[in-house]
Amino acid sequence: MKNHDLHITNSLTRKKEVFQPIKPPFVGLYVCGPTVYGDAHLGHARPAVTFDLVFRYLKHLGYKVRYVRNITDVGHLENDADDGEDKVAKKARLEQLEPMEVVQYYTDRYHHDMEKLNILKPSIEPRASGHIIEQIEMARAILKAGYAYEVNGSVYFDVARYNMDYKYGKLSGRVVEEMVAGNRDLEGQDEKRHPADFALWKKASPTHIMRWPSPWGEGFPGWHLECSAMGAKYLGTTFDIHGGGMDLLFPHHECEIAQSNAANGKDAVRYWMHNNMITINGQKMGKSLGNFITLREFFEGSHKSLHQAYDPMTIRFFILQAHYRSTLDFSNEALQAAEKGLQRLLQAMETLERIKASKTSSVDVSLLEKKCYEALNDDFNAPVAIAHLFDSVRTINSVKDKKESLSSDHLESLRNTFKTFVTDIFGLSGEISKQGEESGQIISGLMDLLLELRQEARKQKDWSTSDKIRDALNGLNINVKDGAEGSSWSISGKN
RNA sequence: GGUCUCGUGGCCGAGUGGCUAGGCGGAGGUCUGCAAAACCUUUUACAGCGGUUCGAAUCCGCUCGAGACCUCCA
């Protein structure tokens, strides 16, 4: 285990707290995954990248992390009214598919997008529909404890009753008494005793497709219950970190807290982490607003708002350049800036492999590693760590230009630090390495040959031949750069 | 209406009492057969008003503006 002084902003206290796992070296991390009834959009990439960073960094520090990210495939209703339709079931009805076909289709596509973004797979990826029994058991426990009631085959959480023994609303700062007045009128809430009550189990109407037997008749679980049930099953009744988007803070996470306390008599989560939203024209990118752009559309450039296609790594870097608790505003300009910046960073890493050590160093690079750790220990401040790395990029390029020098110790230290942070922790990788060992080797071999031929032409001042090679490669999005030490090349972004 | 967050230079974004983050863009220069890249210099900041302080972008108050949640949303 590395020595560290990791601080995490806990949404529950709204303060930065020292991170102390319950049972080191183990860490339990639960993150709310997607409801699989549509393609993932840019907004979905935010928690994925954020908690991928958390996962990677905790592992890097030496923790044994069990990372659970669920797939919601049942119980997520269009709205809170009794006639609210299940999101998955609705999609299935519209497309005339079996609900599980919808689930499988979008789960596969989600995985594909996540892989492109170089998101590590979670340790466990449980589905809500695979844990009906656990959810029924939890609902029973809550009923038995007296914090829920049954009406017509549905089970509702009794918020008012719960609030007498615990404090409902401590995460979102809501007060139960005040929630009645502010609540909008929703039809079909007759069964609930209090507007703030929420379903643990819903009776299935005769036409409802997704249904399971339960002590209360055929039905399906409420949305909030799955996370509580699956978190407890795989991470224990108390675990370290629970993450998700800020928009889930209320009611979803508030309900989770209540369910866990009601069922187990204690809080399930030590540290609540919430990533902020991605905005577009200053407004939240979201499904209901219809202003979202899917990740596939970004990768292909196939959305009318996009001026070009964006590499998944550009998206990843774009997200890492902002702190996870800040909103991040999308625009083509901002993404293009991220694309250029990432190229500069990755190019410097390649340069780092090529430059040769001197006897002495003219610059001090020993502090870089320390500064990067300090940044990440401060609530995973990736943008600050990246800024430090960019400072070293300038140094690296100056060494390449023979304006500065590095000793072999310093050079080695820089290489290690860049690999650790850029590759391992930030999960950023260049195009070439992703193409597989074999084809990558072939390409670099071919490029060496081409550049050698071009160099010979240049020696003989045969500019037409040398420019022809360069222009043709340019046409393939390969940039040729002539330096003092010969020429180098890189693959540029797609246009 | 309630709860909360935010307003930083052309753009994206760190910072949260004194030491002008960083990236992208613009301008000038060095290098180069040309180009690209790189390097150097440079440009425009902390919404407004008041207060606390030796000192505020940073703390407090007010005003204006934007957003999130209160229904599903990452």
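Below, read A as the first sequence line, B as the second, and so on, with proteins coming before strands; counting in each chain starts at 1.
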Looking across every strand, which nucleic acid part, if any, lies under 4.0 Å from A:A387 by heavy atom: base, sugar-phosphate, or nothing? base
If you check the A:S466 side chain, which of B:G33, B:C12, B:A74 turns out closest? B:G33
Base, sugar-phosphate, or nothing: which does A:M277 touch, judged by heavy atoms less than 4.0 Å apart? base
Under-4.0 Å salt bridge between A:K91 and A:E95: yes
Between B:C46 and B:A14, how far is it from one C1' atom to the other, in whole Å? 13 Å
Would one find more than 12 heavy atoms of other residues, nucleotides or ligands at under 6.0 Å from atom NZ of A:K167? yes
I want to check one thing: is the phosphate of B:A21, taken as OP1 and OP2, less than 4.0 Å away from some side-chain N or O of A:K371? no
Roughly, in whole Å, what's the span from CG in A:D379 to P in B:A14? 12 Å
Write down the distance separating the C1' atoms in B:G22 and B:C59, rounded off to the nearest Å. 26 Å
Watson-Crick/G-U partner (both atom distances under 3.5 Å) of B:U3: B:A68
Has the side chain of A:D401 got a donor or acceptor atom sitting under 3.5 Å from an opposite partner on the base of B:C40? no
Could you work out the separation of B:U8 and B:A66 based on their P atoms and round it to a whole Å? 14 Å
Nucleotide nearest A:R174 (side chain, heavy atoms from C-beta), chosen from B:A38, B:A68, B:G2: B:G2
Within the 4.0 Å heavy-atom criterion, would you say A:L328 contacts the bases, only the backbone, or no part of the nucleic acid? sugar-phosphate
Side chain of A:Q321, heavy atoms from C-beta onward: which of B:G22, B:A74, B:A14 has the nearest atom to it? B:G22
How many whole angstroms separate atom CG of A:L473 from atom C1' of B:C34? 17 Å
For the base of B:C34, is there a side-chain donor-acceptor partner from A:R470 under 3.5 Å away? yes
Describe the nucleic acid contact of A:V480 in one word from base, sugar-phosphate, nothing, applying a heavy-atom distance below 4.0 Å. base
Kindly assign one of parallel, tilted or perpendicular to the pair A:Y373 and A:Y57, based on the angle between their ring planes and the thresholds 30° and 60°. tilted
Whole-Å distance separating the CD atom of A:E333 from the C1' atom of B:G26: 12 Å
Aromatic contact between A:H242 and A:Y271, with the criterion being ring centroids under 6.0 Å apart: yes or no? no
If you check every side-chain atom of A:N381, which of B:G15, B:A68, B:A21 has the closest atom? B:G15
Taking atom C1' in both B:G10 and B:U43, compute the distance separating them and give it to the nearest angstrom. 11 Å
Assign each of A:I386 and A:D378 the nucleotide of RNA chain B bearing its closest heavy atom; nearer the 5' end lies the nucleotide of A:D378
What is the nucleic acid contact for A:G173, judged by heavy atoms within less than 4.0 Å: base, sugar-phosphate only, or nothing? sugar-phosphate
What is the base-pairing partner of B:C59, counting Watson-Crick and G-U wobble geometry with both distances under 3.5 Å? B:G51
With sugar-phosphate meaning primed atoms plus P, OP1 and OP2, does A:D329 contact a base, only sugar-phosphate, or nothing at under 4.0 Å between heavy atoms? sugar-phosphate
Taking any heavy-atom pair under 4.0 Å as a contact, classify A:Q283: base, sugar-phosphate, or nothing. sugar-phosphate
Over 60° means perpendicular and under 30° means parallel, so classify the ring planes of A:W223 and A:H252, tilted if in between. parallel
Between A:H274 and A:H253: side-chain donor-acceptor atoms closer than 3.5 Å: yes
Which is true for A:S288 with a 4.0 Å heavy-atom rule: it touches a base, it touches only sugar-phosphate, or it touches nothing? base
Taking B:C34, B:A14, B:A21 as options, the one with an atom nearest any side-chain atom of A:R454 is B:C34
Sticking with atom C1', work out how far B:G29 lies from B:A45, rounded to a whole angstrom. 26 Å
Considering only heavy side-chain atoms of A:K400, the closest of B:C40, B:C72, B:A37 is B:A37
Ion pair A:D482/A:R458, N-O distance below 4.0 Å: yes
For B:G33, the Watson-Crick or wobble partner whose two distances fall under 3.5 Å: none
Considering only B:C70, B:C39, B:A74, which nucleotide approaches the side chain of A:P251 most closely? B:C70
Reckon A:K461 touches a base, only the sugar-phosphate, or nothing at all at heavy-atom distances under 4.0 Å? nothing
Roughly how far apart, to the nearest Å, are B:G9 and B:U3 at atom P? 30 Å
Counting just side-chain N and O atoms, does A:T327 come under 4.0 Å of either OP1 or OP2 of B:A68? no
Does A:R14 reach a base, just sugar-phosphate, or nothing at all? Heavy atoms under 4.0 Å. sugar-phosphate
Quick test of your reading of the model: are A:R69 and A:D52 salt-bridged, counting only N-O distances below 4.0 Å? no
Does A:H41 reach a base, just sugar-phosphate, or nothing at all? Heavy atoms under 4.0 Å. base
Side chain of A:F390 - closest among B:G33, B:C12, B:G22: B:G22
Need one value for A:D467: base, sugar-phosphate or nothing, where a base atom within 4.0 Å counts as base even if backbone is also close, heavy atoms only. base
So A:L249, base contact, sugar-phosphate only, or nothing? Heavy-atom distance under 4.0 Å. nothing
Can you measure A:N479 atom CG to B:U32 atom P for me and round it to whole angstrom units? 21 Å
Examine B:C39: is either OP1 or OP2 under 4.0 Å from a nitrogen or oxygen in the side chain of A:N397? Give yes or no. yes
Among the nucleotides B:C69, B:C24, B:C11, which one has an atom lying closest to any side-chain atom of A:R344? B:C24
Measuring only the C1' atom in each nucleotide, how far is B:A47 from B:G65? A whole number of Å is fine. 8 Å
Nearest whole Å is fine: how far is B:A21 P from A:L320 CG? 22 Å
Out of B:C72, B:A14, B:A35, which nucleotide sits closest to the side chain of A:K87? B:C72
Carefully, step by step, assess A:D247 and A:K284 under the rule salt bridge (charged side-chain N to carboxylate O under 4.0 Å, His left out). CA-CA 10 Å; A:D247 50 352; A:K284 175 186 170 183; 3.2 Å; yes
Tell me what A:S488 touches on the nucleic acid: a base, only sugar-phosphate, or nothing, going by heavy atoms under 4.0 Å. nothing
With A:F298, the ring-ring contact (aromatic ring centres under 6.0 Å, His included) member among A:F330, A:F318, A:F292: A:F330
Toward the 5' end of RNA chain B, by each residue's nearest nucleotide, A:H388 or A:Q336: A:H388
Using the C1' atoms only, state how far B:U5 lies from B:G55, rounded to an integer number of Å. 28 Å
